[in-house]
Number of protein chains: 2
Amino acid sequence: MKAGFVRGKQRFFCKDCTYYFTLPNPKERSERRGRHQTTIIDIAQDLGVSNSTVSRALHNHPDINPNTRKAILDKAIELDYQPNQLAHSLVKSRTNTIGIVVPEFLTQFFPNVIVGAQRVLRQADYNLMIMQSGESYETEVANTKALLANRVDGLLVSMSHETNNYDHFLSFEKRDIPVVYFNRVIEGLGTHKVVANDYRGAFAAVEHLILNGYRRIAHLGGPPNLLISQERLRGYQEALRKYGHPLLPELVIHGDFTAQKALIYGQHLLDMAQPPDAIFAVNDPTAIEVLALAKAKGIRIPEELGVVGFSDDPIAVHIGKGLTTVKQPTTQIGEAAAKLILGLLRGEQANLSPQTIVLEAELVVRGSSIKAAG
Amino acid sequence: MKAGFVRGKQRFFCKDCTYYFTLPNPKERSERRGRHQTTIIDIAQDLGVSNSTVSRALHNHPDINPNTRKAILDKAIELDYQPNQLAHSLVKSRTNTIGIVVPEFLTQFFPNVIVGAQRVLRQADYNLMIMQSGESYETEVANTKALLANRVDGLLVSMSHETNNYDHFLSFEKRDIPVVYFNRVIEGLGTHKVVANDYRGAFAAVEHLILNGYRRIAHLGGPPNLLISQERLRGYQEALRKYGHPLLPELVIHGDFTAQKALIYGQHLLDMAQPPDAIFAVNDPTAIEVLALAKAKGIRIPEELGVVGFSDDPIAVHIGKGLTTVKQPTTQIGEAAAKLILGLLRGEQANLSPQTIVLEAELVVRGSSIKAAG
DNA sequence: TTGTAAGCGTTATCAA
DNA sequence: TTGATAACGCTTACAA
């Protein structure tokens, strides 16, 4: 048996088993105070019990002496102990955290979804880690990487309009981390989704315009790769078809949700030789741009131009005589997505096929679409 | 030397040193595959190097053979290795994460602040963990606890209007975790703050009303404990004083930022025997309630009632003839708060006295406050 | 240039 | 009922 010193500790070598080891030194730890968060071990040492006993007390494990428990809990309060979630997550390989990636924060839609999701998750003792991509694919990838590195247990996603490659999402599924897409989803990706009934909402909006006497109805749409855009377009088309209106390709333009594009394409529509007498916009910001344009051009709303938006942004009720729009169940989308992912984490839908939850949308009629004499 | 088996592993006892130990078994780990994220050790084993070598390669440490490094980086990609931030944070006692607690998400103000903060933090390779209290003290406490458990390196806070007890924030400072308060701060708490110049903004707003011929100017204020409310009130008072207007206590009412209270108090003001001819509201939502009330009562804006808000919410430009309001530098507040906290983490202001950063606010004049003939 | 092993703060499995 | 210790995945001081 040889012996030596390593970092101030005596080190031994067992010849028979060719193994080095040092003697544990119980004094050592207690020196290591100052600028350090109190741990389970600090409590244990102060009380002369073992750390496992402390751990049991803090999680009221059945096998523990009530007196011991009380002493430990008191000491924990005295030392202002706060559990270290990092260590906990590391050993459990579970962080109790769900990540959410949204394209933006600046309309009311996503904040509302987040509020709904947070409510459900907090109840189940999960945290929500919120990331915002600013409609940038690059940032979205960086966000998902960060969430992966932080080992979130699940992911809620609404994609940026730039996103055309989905590898960064698929790498969650590869690791068996459940993913639920909401609102901005794409077709084909065989996964769990929560969406509003965009088709029915759009259909109702356009039907309403038709029944109010508008004849030449245009559609300012969203990015064509998103299901949301496809469904709203389909609703528009089906409504026209039902009432025998022609589908005129020149009256459909795809934007990208930005005000800038809305302005350019809206201008284009209003400047046509034969301009539309109504516009169904893919969302409220787009519709609001159209209203502003009309005002600037002296086009009267709703007599000369009917306008309908989508989302029921709080602005909608205040603008002009009110903007007719399709109201989406925002918080409910968040709640549904959260519930779905909690179910997946419990392994409920383990070998079920991907689920799509569709929540109904509702037309809210205001001043921008009611011709005085239909 | 005794020997025995523990959990399938041979266990030895060294009599001389009274120490138990087991022989490390290098084979064992490689069996443990399936549903597990690839780790540094998986890479090490595949390549027959040690985990420290892998760690060095991944952080391009200088002392490493370029060939070894290349092999390791290639293998990391092949195995789709993603670092485990939890383990990393645990050993470094640093999470590279800043927490932010905001009272709400549903006006544009806080989302904008968050966007600004996130931009600065991401550049410094920090993550932002966003929490929202919904103006509830309880939730705010729960949020800060969660952030503490997650060992954020710093905290950005804007308080809920319910908050009157600050222990949950102080427990960060007790642990030497820097805290920066922004926007909704309280006086006295001797800490770092970032605020807009509420005083100057309010002064400019009320001065503008006076110069436009309004004589009896009321103020619908915010919760009196918040500095933001105090400063806006002070600006209101100083402007009146400067122009020799009397300070009438009956024309000042403190609300709590909710639309409900705004409605009740607005109603009260307009129903007075001698009602005000102008109202300076503590924020835009309050001002918008007043405008709606006036409309319902048939009071003409701005002839019979001048209205000024605060925040320049995007709604403000669209509502009626436009709402005059004080524009705050939202993203800049976020950026400034983030920069300040990064500085604190670098230990720059270590023994400097708490810093208060004041960013200028700007009056934006619109239709709600310009009398035709002053 | 590479390997060994301690340590970060927990939980959990055995032994006692 | 309690204690000892391995394990979670990583960094790093020191040894080789």
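Residue numbering restarts at 1 for every chain, and letters A, B, ... go by the order of the sequence lines.
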Checking all strands, does A:N65 fall into the base, sugar-phosphate, or nothing category for heavy-atom contacts under 4.0 angstrom?
sugar-phosphate
Rounded to whole angstroms, how far apart are CG on B:D63 and P on D:dT12?
14 Å
Value in whole Å for how far the C1' atom of C:dT10 lies from CD1 of A:I43:
12 Å
With the threshold set at 4.0 Å, does a side-chain nitrogen-carboxylate oxygen contact exist between A:D42 and A:K75?
no
Would you find a donor on one side and an acceptor on the other, under 3.5 Å apart, between the side chain of A:N150 and the backbone of B:Q85?
no
To the nearest Å, how far apart are B:L90 CG and D:dT12 P?
13 Å
Hey, does A:T68 reach any base, or is it just sugar-phosphate, or nothing, if we go heavy atoms under 4.0 Å?
sugar-phosphate
B:A87 has its side chain closest, among D:dG3, D:dC10, C:dG9, to D:dC10
Given that B:N51 and B:V91 both sit by DNA chain C, which one's nearest nucleotide is further toward the 5' end?
B:N51
Mind calculating the distance between CD (B:Q85) and P (D:dT11) to the nearest angstrom?
10 Å
Tell me: CG of B:L58 to P of D:dG9, nearest whole Å?
15 Å
May I have the distance from B:R56 (atom CZ) to D:dA15 (atom C1'), rounded to whole angstrom?
12 Å
Examine C:dG7: is either OP1 or OP2 under 4.0 Å from a nitrogen or oxygen in the side chain of B:K92? Give yes or no.
no
Does the distance from a Lys or Arg side-chain N to an Asp or Glu carboxylate O, for A:R56 and A:D63, drop under 4.0 Å?
no
5'-most contact on DNA chain C: B:R151 or B:S52, nearest heavy atom basis?
B:S52
Need one value for A:N84: base, sugar-phosphate or nothing, where a base atom within 4.0 Å counts as base even if backbone is also close, heavy atoms only.
sugar-phosphate
Between the base of C:dT1 and the side chain of B:T53, is there a donor-acceptor distance below 3.5 Å?
no
Candidate pair A:S133 and A:S136, rule side-chain hydrogen bond (donor to acceptor under 3.5 Å, both in side chains), full reasoning
CA-CA 5 Å; A:S133 69; A:S136 145; over 6 Å; no
Between C:dT1 (P) and B:L47 (CG): distance, integer Å
17 Å
Interatomic distance, A:D42 CG vs C:dC8 P [rounded to whole Å]:
10 Å
Comparing B:H59 with A:H61, nearest DNA chain D nucleotide closer to 5' gives the residue A:H61
Classify the ring geometry between A:F169 and A:Y181 as parallel (under 30°), tilted (30 to 60°) or perpendicular (over 60°).
perpendicular
Taking only side-chain nitrogens and oxygens of B:S50, does any of them come within less than 4.0 Å of OP1 or OP2 of C:dT2?
no
